[in-house]
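Okay, structure first, notes after.
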Amino acid sequence: MDDGKPTGPQAKWWSRPSAAGPAAEDRTPAAEAREPVAEGRGPAVEDREPAAQSPVPVPAQPSDSSGRPDEHGQEVPAPRPSGQPLHEPDEYSTPPYGGPGPWAPAPPVQRPTPAHGTVVPPGAGGPPPQYAATNAAGPQAPAPPAQPAPADAFAPPQGATPADAFAPPQPAPADGFAPPPPHPHPGPAAPAQQQHTQWLQYDPWGAPGQPLTRPGPPEGMEPGGRKKRRGGAFMGVLLLTLVAGGIGGGVGAYIERNGGLTTVELPQATRDSGDRAPESVAGIAASALPSVVTLHVSGTAESGTGTGFVLDGQGHILTNNHVVAPAGSSGDITVTFSSGETASAELVGKDSGYDLAVVRVRGVSGLTPLPLGNSDNVQVGDPVVAIGAPFDLSNTVTSGIISAKQRPITAGGEKGDGSDISYVDALQTDAPINPGNSGGPLVDTQAHVIGINSAIRAADSGRGPEAGGQSGSIGLGFAIPINQGKRVAEELISTGKATHPVIGVTLDMKYTGDGAKVGAKGADGTPAVAKDGPADKAGIKSGDVITQVEGQRVHSGEELIVKIRAHRPGDDLDLKLTRGGKERTVTLKLGSASGS
């Protein structure tokens, strides 16, 4: 791995000295110390710059080439001439003895302790040697007297003769920390070949005054103890790191979830009593909701959901005819009150022409009737509130205004014969009304019912769910005026049927001109103007075009029916019509016909 140090050619783990001597390779003790030990043969020497050192004492050199006794009486062999190998060349060129050379690499060792009393051999050339240390248990041999020597020369360590100073190293044991085998202490007469020492690397920067010691653990310590201590310390540090990380993670998660270590309290208004002004939407809803119910209807072929409201304490509930129509004559009708209580209901009466029906629940007490208002008092722009169960979401409250009055609409017609078409002179509102709101009340600011929500104009060009379109509010909702609903509800409760006001004519529904045209014949071939009926008595004839009812313009046959049904049977009506290009006004009394 590149650690930022300049790289270059690396020295081999073994090398041959140059014939030119030290000057050729310029190998100084500092440079040798920076050479790494060969892979697998010992740790690398730390790369560090040498500090300023005092000159290393140099032992005295022999005066001649022949051996002579030293101060202890031991004969010191004469050193070999410089450059002469210590052994014969190996014909197999096996390192480190493949070629001639006086230097042999040391066995793998740890970094030695600071050197003491190290000397340099005289006239040695090539790379610096590795030095031996005496056994720590034995005394050191005295060093020969110091004599001047070249600066780059090295001498064998103390206690070793020149013969064994350059001897080949002993094979390293399998355990790098195992102590060397014991050797007998050399005496004065012991031959040089029997002296065995442990070789170490020379530390040129070690503190003076300390002896060289053998590597490995101190005596009495089990080999590998340092590794065990290191492993235990590492495991302790690792365990401490994991515990600290877990505690930190827990604290961080707590702070993230709770917003800090301290409780945060934001300013907030106190809780009020819940009272609202009676004319507010909340006040209106609180007053009207207990009287509004949700109807669930199921029959043999279909089912549906709608809304209704309580008319009296006897359990009569008013809703739309199309809400209860799926039940047929044998289906089930279930009523759910705003409190969540449910009860079964039975059909009292219905009328498809007005799209109204009355059901009744029995065995329920404490009912609160919803007060009825007067739809004739309603003005465009008055605020209103619609309550119902759109898409079966019961007790839904929406608000809006009255957008228009006396809006003639027709709804139904699924049967194809016109018997199920309803004609309504409706109140238009922008209060959101959706499927499920049908039959619910439209109330004013006094929480009085002014209409029964019945129809909407959908966003899909008027197509309803029956035509495959999805109905939804676009602010065009329509309600049956409560004045008309009250009369029909009273008749349904009293007789089970409702009566329709009629004038006794058959209209030409294919007429495309402006107004309602009286047809030529009736449906069964009878005259278009019923004999002795209200129209016949007022002088109306076949082909006349009725253009106004009570001063309100009529543009089609449907609008004429809507305007007539907005009145009661027996009421007097003023009609304006044209005949042969001339206008005339007639007055008639409305007749009565039984509804379906």
Side-chain angles (χ1 to χ4, degrees), residues 267-295 305-320 335-342 361 364-405 426-454 456 473 475-486 489:
Q268 185 180 23
T270 59
R271 185 174 181 177
D272 58 18
S273 61
D275 296 335
R276 296 292 182 271
E279 66 275 8
S280 65
V281 175
I284 296 169
S287 177
L289 274 172
S291 302
V292 181
V293 301
T294 302
L295 287 85
T305 302
T307 309
F309 58 92
V310 178
L311 292 174
D312 53 30
Q314 286 74 39
H316 292 103
I317 296 171
L318 182 62
T319 185
N320 281 136
V335 174
T336 303
F337 295 89
S338 60
S339 62
E341 298 179 356
T342 61
V361 293
V364 179
S365 60
L367 297 177
T368 303
L370 193 59
L372 305 182
N374 191 329
S375 54
D376 290 340
N377 298 333
V378 175
Q379 300 295 323
V380 174
D382 285 348
V384 291
V385 173
I387 304 175
F391 299 100
D392 205 14
L393 301 173
S394 59
N395 301 329
T396 298
V397 177
T398 57
S399 64
I401 61 170
I402 296 295
S403 303
K405 293 176 59 177
L427 297 173
Q428 180 181 334
T429 179
D430 67 347
I433 297 174
N434 292 284
N437 275 107
S438 295
L442 184 69
V443 300
D444 58 14
T445 55
Q446 298 178 348
H448 293 170
V449 181
I450 59 173
I452 301 102
N453 302 318
S454 300
I456 61 173
S473 175
L476 294 176
F478 303 95
I480 300 171
I482 193 58
N483 289 4
Q484 182 175 341
K486 176 180 178 294

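Here, residue 1 is the first one in the sequence, and each next residue gets the next number.
For the pair Val292 and Pro441, the minimum side-chain heavy-atom distance is below 4.5 Å. Thr305 places a side-chain heavy atom less than 4.5 Å from the side chain of Thr294. Put simply, the side chain of Val443 does not reach to within 4.5 Å of the side chain of Phe309, judged on heavy atoms. Here the side chains of Ile482 and Ile452 are in contact, with some heavy-atom distance below 4.5 Å.
A pairwise comparison of heavy atoms in Pro432 and Ser473 identifies CA-OG, 3.5 Å as the closest pair. Taking each heavy atom of Val397 and Ala285 in turn, the nearest pair found is CG2-CB, 3.9 Å. When all heavy atoms of Pro371 and Ala447 are compared, the closest pair comes out as CD-O, 4.1 Å. Residue Ser375 comes nearest to Leu427 through the heavy atom pair CB-CD1, 4.5 Å, listed as atom of the first residue, atom of the second, then distance. Here the shortest heavy-atom pairing between Leu311 and Ala489 reads CD1-CB, 4.2 Å.
Side chain of Ser291 to main chain of Thr368: a donor-acceptor pair is present (N/O by atom type, distance under 3.5 Å, no hydrogens or angles). Between the side chain of Asp430 and the backbone N or O of Ile401 there is at least one donor-acceptor pair closer than 3.5 Å.
Counting non-hydrogen atoms of other residues, nucleotides and ligands closer than 6.0 Å to NZ of Lys405 gives a total above 12.
Put simply, CD1 on Ile480 and CG on Leu442 are 11.5 Å apart, with the number rounded to the nearest 0.5 Å. Interatomic distance, Asp275 CG to Ser280 OG, rounded to the nearest 0.5 Å: 10.5 Å. Residue Asn453 holds its CG atom at 12.0 Å from CZ of Phe478, rounded to the nearest 0.5 Å. Rounding to the nearest 0.5 Å places OG of Ser287 at 10.5 Å from CD of Gln446. Interatomic distance, Leu372 CG to Ile450 CD1, rounded to the nearest 0.5 Å: 11.5 Å. Taking CG of Leu370 as the reference point, atom CG of Asp312 lies at 12.0 Å (rounded to 0.5 Å).
Evaluation of the side-chain hydrogen bond (donor to acceptor under 3.5 Å, both in side chains) rule for Thr307 yields no partner, not counting sequence neighbours. Legend: residues meeting salt bridge (Lys or Arg N to Asp or Glu O under 4.0 Å) with Asp272, ordered by chain and number and at least two apart, are Arg276.
Between the side chains of His448 and Asp444, not a single donor N or O lies within less than 3.5 Å of an accepting N or O.
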N/O donor-acceptor pairs under 3.5 Å from side chains in residues 382-396, not counting sequence neighbours:
unit_1, atom_1, unit_2, atom_2, d
Asp382, OD2, Gln379, N, 2.9
Asp392, OD1, His296, NE2, 3.0
Thr396, OG1, Leu393, O, 2.5

